[in-house]
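Before any comments, here is the structure.
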Amino acid sequence: SDKIEDELEMTTVCHRPEGLEQLEAQTNFTKRELQVLYRGFKNECPSGVVNEETFKQIYAQFFPHGDASMYAHYLFNAFDTAQNGSVKFEDFVMALSILLRGTVHEKLRWTFNLYDINKDGYINKEEMMDIVKAIYDMMGKYTYPVLKEDAPRQHVEMFFQKMDKNKDGVVTLDEFIESCQE
């Protein structure tokens, strides 16, 4: 019965992105996994691309007790590598490949890029504060133990104490990777 189910599942995949073989070569997913991912992507985004508003709506479903819109905004920008306001399946699956199956170095580089909001190659305290606030908002007001008002600022200070090796007020990719690997 597994074989029949597999064949049935394969026949329901009718719309595929151009160059599935190319995506298979560029990612850590099999052709079969890419087909399943694409079906889910097309189900949520029939047009084949996701704009930021749709992305926020989908992401919000995972955090019903908080406001995920700001974190989703930063996440969307990290997925939108062309910075054109839309995420294609290819963009989505490349990022997912790194996040799920990439090397530690690839995952850290991707995360650094997410935190480097203005894309200048550094994470400054303001950017980190924006990210941390967005994470706290996303987690919601019902965390246990209850978070104190200055928790985001304390979090950022701790981050910089650990990460900013040369104490110049910014964290470089090298500092970020080195600190995380410690």
Side-chain angles (χ1 to χ4, degrees), residues 1-63 68-123 127-128 130-131 134-135 138 163 170-182:
S1 80
D2 276 354
K3 191 171 176 4
I4 294 167
E5 280 177 38
D6 284 352
E7 284 175 11
L8 223 118
E9 204 170 324
M10 294 297 267
T11 58
T12 58
V13 178
C14 45
H15 300 294
R16 280 187 262 193
E18 293 298 317
L20 197 61
E21 285 76 18
Q22 187 182 347
L23 268 182
E24 187 180 7
Q26 292 173 327
T27 66
N28 299 314
F29 294 119
T30 65
K31 191 172 183 176
R32 174 106 170 87
E33 289 170 325
L34 287 166
Q35 290 170 328
V36 171
L37 285 168
Y38 187 65
R39 188 170 357 146
F41 187 87
K42 283 291 275 191
N43 199 36
E44 290 291 334
C45 315
S47 69
V49 294
V50 184
N51 64 24
E52 187 172 341
E53 209 42 54
T54 305
F55 186 87
K56 283 181 177 179
Q57 288 167 7
I58 294 166
Y59 201 74
Q61 294 169 26
F62 298 105
F63 299 93
S69 61
M70 209 58 223
Y71 191 77
H73 166 74
Y74 298 133
L75 205 51
F76 180 84
N77 285 340
F79 275 89
D80 180 13
T81 51
Q83 300 296 296
N84 63 3
S86 65
V87 173
K88 296 182 302 205
F89 176 70
E90 289 82 346
D91 302 324
F92 172 72
V93 87
M94 293 292 277
L96 209 56
S97 174
I98 291 168
L99 293 171
L100 296 177
R101 299 195 180 148
T103 65
V104 169
H105 195 272
E106 288 169 332
K107 290 175 184 180
L108 290 173
R109 182 183 289 275
W110 196 92
T111 304
F112 180 88
N113 182 55
L114 168 68
Y115 292 175
D116 179 16
I117 295 169
N118 66 7
K119 308 294 178 230
D120 67 353
Y122 304 97
I123 300 171
E127 287 171 313
M128 199 64 215
D130 289 345
I131 290 286
I135 291 169
M138 180 173 64
M163 301 271 180
V170 293
V171 173
T172 63
L173 176 63
D174 289 341
E175 286 174 318
F176 183 78
I177 288 172
E178 185 186 328
S179 298
C180 289
Q181 287 182 324
E182 285 172 0

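Since this is a predicted model, take the numbers as computed values, not measurements.
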Review point. Taking the inter-plane angle between the rings of Phe92 and Phe89 on a 0 to 90° scale, is it parallel (under 30°), tilted (30 to 60°) or perpendicular (over 60°)?
Key: tilted
Check your understanding: In Å and rounded to the nearest 0.5 Å, what is the NE2 to SG distance from His105 to Cys180?
Key -> 11.0 Å
Practice item. May I ask you to test the Met94-Leu23 pair for a side-chain heavy-atom distance under 4.5 Å? Key: yes
Practice item. State whether the side chain of Asp116 and the backbone N or O of Asp120 hold a donor-acceptor pair below 3.5 Å, judged by distance alone. Key: yes
Exercise for review: Kindly say whether Lys107 contributes a backbone atom to a donor-acceptor pair with the side chain of Thr111 at under 3.5 angstrom?
Suggested key: yes
Check your understanding: Roughly how far apart are Ile135 CD1 and Tyr74 OH, rounded to 0.5 Å?
Key -> 10.5 Å
Exercise for review: Please examine the side chains of Phe176 and Tyr122, heavy atoms only from C-beta on, and report whether any two atoms are closer than 4.5 Å.
Suggested key: no
Point to revise | Heavy-atom closest pair, residues Ala60 and Ala68 | key: CA-CB, 4.3 Å
**Study point:** Minimum heavy-atom distance Lys42-Ser47, with the two atoms named
**Key:** NZ-C, 4.5 Å
**Study point:** Steps toward side chain to side chain contact (heavy atoms under 4.5 Å, CB included) verdict (Gln35, Thr30)
**Key:** CA-CA 9 Å; Gln35 290 170 328; Thr30 65; over 6 Å; no
Check your understanding: What is the minimum heavy-atom distance between Phe112 and Gly121, and which atoms define it?
Key -> CZ-O, 3.5 Å
Exercise for review: Check whether any side-chain heavy atom of Leu114 sits under 4.5 Å from a side-chain heavy atom of Tyr71, and report yes or no.
Suggested key: yes
Study note, to complete from the structure: Between Val49 and Phe41, the two heavy atoms sitting closest are N-CE2, 4.3 Å
Point to revise | Sequence-distant partners of Gln181, side-chain contact (heavy atoms from CB on, under 4.5 Å), two or more places apart | key: Val104, Leu108, Ile177
Review point. Is the backbone N or O of Ala134 less than 3.5 Å from a side-chain atom of Asp130, with the two atoms forming a donor-acceptor pair by type?
Key: no
Review point. Mind checking whether Tyr115 and Val171 have side chains closer than 4.5 Å, heavy atoms only?
Key: no
Check your understanding: What do the steps show when you test Phe29 against Leu96 for side chain to side chain contact (heavy atoms under 4.5 Å, CB included), and what is the final call?
Key -> CA-CA 9 Å; Phe29 294 119; Leu96 209 56; 4.2 Å; yes
**Study point:** CD on Glu52 to OG on Ser69, rounded to 0.5 Å
**Key:** 9.5 Å
Point to revise | Donor-acceptor contact present, side-chain Asp80 to main-chain Gly85, <3.5 Å | key: yes
Practice item. Would you give the length of the straight line joining atom NZ of Lys56 to atom CE of Met70, rounded to the nearest 0.5 angstrom? Key: 6.5 Å
Review point. Can you name the residues that form a side-chain contact (heavy atoms from CB on, under 4.5 Å) with Glu44, not counting sequence neighbours?
Key: Ile58
Review point. Short question: side chain of Asp91, backbone of Lys88 - any donor-acceptor pair under 3.5 Å?
Key: yes
Review point. Do the two ring centres, one from Tyr59 and one from Phe76, sit under 6.0 Å apart?
Key: no
Practice item. Output the distance between atom CD (Glu106) and atom CZ (Arg101), rounded to the nearest 0.5 Å. Key: 13.0 Å
Practice item. With the side chain counted from C-beta on, respond yes when Glu175 and Glu178 share a heavy-atom pair under 4.5 Å apart, and no when they do not. Key: no
**Study point:** Interatomic distance, Asn118 atom CG to Ile123 atom CD1 [nearest 0.5 angstrom]
**Key:** 10.5 Å
Check your understanding: Taking all non-hydrogen atoms of both residues, which atom of Leu75 and which atom of Phe55 are closest, and how far apart?
Key -> CB-CE2, 4.0 Å
Practice item. State, to 0.1 Å, how close Glu127 and Ile117 come at their nearest heavy-atom pair, and which atoms those are. Key: OE2-N, 3.0 Å
